[in-house]
Number of protein chains: 2
Amino acid sequence: MQKYEELLVALRQVIRAIDLYSKKLNKETGLTSPQLIVMQEIALCDGVTVKKIADNITLSSATVTSILDRLEARKFIIRQRSATDKRKVGVHLTENGHTALENAPKPLQEHFINRFEAMEEWEQTQMLATMQRVAKMMNAEDLDASPLLEVGQIQQPTLTS
Amino acid sequence: MQKYEELLVALRQVIRAIDLYSKKLNKETGLTSPQLIVMQEIALCDGVTVKKIADNITLSSATVTSILDRLEARKFIIRQRSATDKRKVGVHLTENGHTALENAPKPLQEHFINRFEAMEEWEQTQMLATMQRVAKMMNAEDLDASPLLEVGQIQQPTLTS
DNA sequence: ATTTTTTTGTTAGTATACGAACCATTCGTG
DNA sequence: CACGAATGGTTCGTATACTAACAAAAAAAT
């Protein structure tokens with residue numbers, strides 16, 4: 001098994017763990033991780049626009065809209081169209097939303113956070129740096145486009161069963 | 001901003017990059033990453049059961065079923081109920097599926113793989129180990145419901161063989 | 001032999017998550 | 001000022017991904 005495949009497996013496990021936790025959260029508190037994250041963002045900057053939220057948390061506007069739909073249906077947030085620029089929609093937490101947010105746990109497993117913070121400072125730094133590097137390597141896409149390649153290997157191994 | 005929050009941001013970026021690539025793949029080749037991974041699994045072991053696939057790639061059976069539905073609709077795979085144990089369903093690639101799989105690119109950005117493999121051996125190992133550690137820290141959940149100590153006797157699947 | 005439990009796969013319902021297409025609205029340029 | 005371009009948000013269609021509830025079959029227990 002190739003090393004990058006193992007990396008992919010580990011990555012899938014991480015993604016899955018995050019998803020499972022989000023679902024567990026939802027069952028227990030009625031809020032998912034993405035919903036919590038969006039609400040945190042609103043709490044941080046009342047009246048923030050949909051676009052801004054999307055940019056801040058690296059999601060598309062469409063996704064944020066659908067999350068906001070659910071939050072609005074449960075009266076955790078309200079939308080308010082801007083008067084000065086009628087394209088923009090400002091989002092606010094309701095009273096209800098504030099208390100929900102305050103009572104909610106963190107959007108990441110507490111025990112992961114505990115374990116992470118129990119590590120040595122340098123280890124935390126190291127882990128973060130590695131993750132950021134992976135992110136960069138995956139996102140580069142348009143940035144690098146040059147070095148270390150040049151090798152015209154476009155084919156794919158012919159699956160020797 | 002807490003360090004673990006930064007970690008979460010990086011993680012989200014990685015997840016997003018993987019998802020975006022999958023969607024790009026789908027547009028270009030008609031197959032998503034999860035579909036490719038499932039097909040690879042079938043190619044690796046013809047007639048494998050749904051459950052086995054799910055276990056191998058760490059997904060729920062329900063998810064695999066829905067992926068298989070789509071693959072079957074496009075005639076890339078066929079399902080065949082076992083005669084000896086009628087609960088089980090064996091999955092096979094069709095001729096069509098084989099060629100599709102052979103012509104498809106890897107389920108992870110080629111340029112990520114290139115960059116990964118361009119790293120020093122020890123760096124690859126280190127990156128992989130870090131990712132596995134994160135995965136383990138997130139999955140522990142049931143394993144270490146109690147102490148962080150108690151070192152000796154928790155028997156978890158050793159990833160390092 | 002009959003009942004209970006476990007295993008396997010599917011279906012239903014829900015929540016992300018995206019791009020593309022679509023409206024308004026606003027901005028920039030001629 | 002007017003008209004094309006850009007911006008902001010929503011809607012639509014699609015694909016993951018999960019749990020829970022189900023049905024059918026096989027295995028275990030009584």
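Quick caveat: nothing in here was measured; it's all calculated off a predicted structure. Reminder, nothing fancy here: chain letters follow the sequence lines and each chain counts from 1. Hydrogens, waters and symmetry mates play no part in the numbers below; they use all other heavy atoms, side chains included.
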- Derivation of the side chain to side chain contact (heavy atoms under 4.5 Å, CB included) call for B:L31 and B:L25: CA-CA 6 Å; B:L31 285 170; B:L25 253 191; over 6 Å; no
- Decide side chain to side chain contact (heavy atoms under 4.5 Å, CB included) for B:Y4 and A:K106; before the verdict, give the C-alpha distance in whole Å, the side-chain angles of both, and the deciding distance to 0.1 Å. CA-CA 11 Å; B:Y4 76 83; A:K106 301 211 176 71; 3.1 Å; yes
- Going through the checks in order, is the side chain to side chain contact (heavy atoms under 4.5 Å, CB included) test met by A:L68 and A:V50? CA-CA 9 Å; A:L68 288 178; A:V50 175; 3.8 Å; yes
- Item | Full working for side chain to side chain contact (heavy atoms under 4.5 Å, CB included) between A:L11 and B:I18 | CA-CA 10 Å; A:L11 218 35; B:I18 291 175; 3.7 Å; yes
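For the pair B:D69 and B:R74, the salt-bridge criterion is not met [side-chain N within less than 4.0 Å of a carboxylate O]. Using a cutoff of 4.0 Å between basic side-chain nitrogens and carboxylate oxygens, A:R133 and B:E123 are scored as salt-bridged. The residues B:E121 and A:K3 are annotated as salt-bridged, a charged nitrogen and a carboxylate oxygen being separated by less than 4.0 angstrom.
A:T94 contributes atom OG1, which lies 9.5 Å from atom NZ of A:K75 (distance to the nearest 0.5 angstrom).
The residue A:R16 sits close only to the backbone: its heavy atoms come under 4.0 Å of sugar-phosphate atoms, none of a base. Across all strands shown, A:K51 has heavy atoms under 4.0 Å from sugar-phosphate atoms exclusively, and none from any base. Contacts of A:T49 with the nucleic acid, taken as non-hydrogen atoms under 4.0 Å apart, involve only primed sugar atoms and P, OP1 or OP2. Among the heavy atoms of the strands, none lies under 4.0 Å from B:R12.
Closest approach of B:S22 to B:P34, counting heavy atoms only: OG-CD, 3.7 Å. Between A:M138 and B:A17 the shortest heavy-atom distance is CB-CB, 3.7 Å. Closest non-hydrogen pair, A:S60 versus B:R16, comes out as N-NH2, 4.0 Å.
Using a 4.0 Å cut-off on heavy atoms, the residues of residues 26-38 of chain B that approach DNA chain C are B:K27, listed by number. Listed by residue number, the members of residues 52-66 of chain B with any heavy atom below 4.0 angstrom from DNA chain C are B:S61, B:A62, B:T65. Residues of residues 84-92 of chain B having a heavy atom closer than 4.0 Å to DNA chain C, listed by number: B:R87, B:K88, B:V89.
Follow the hydrophobic side-chain contacts under 4.5 Å out from A:L8 and you never reach B:L20; the two are in separate clusters.
Note that the first and last nucleotides of DNA chain C, 5' to 3', having any atom under 4.0 angstrom from a heavy atom of chain B are C:dT7 to C:dA20. Bracketed by its first and final contacts, the part of DNA chain D lying under 4.0 Å from non-hydrogen atoms of chain B reaches from D:dA15 to D:dA26 in 5' to 3' order.
Take B:E28 and apply the side-chain contact (heavy atoms from CB on, under 4.5 Å) test, not counting sequence neighbours, and it matches B:K24.
Ranked by how close their nearest DNA chain D nucleotide is to the 5' end, A:K23 and A:L68 are led by A:L68.
Side-chain contact annotation: B:Q126 with A:Q126, donor-acceptor N/O pair under 3.5 Å present.
Atom CD of A:E110 is surrounded by more than 12 heavy atoms from other residues, nucleotides or ligands within 6.0 Å.
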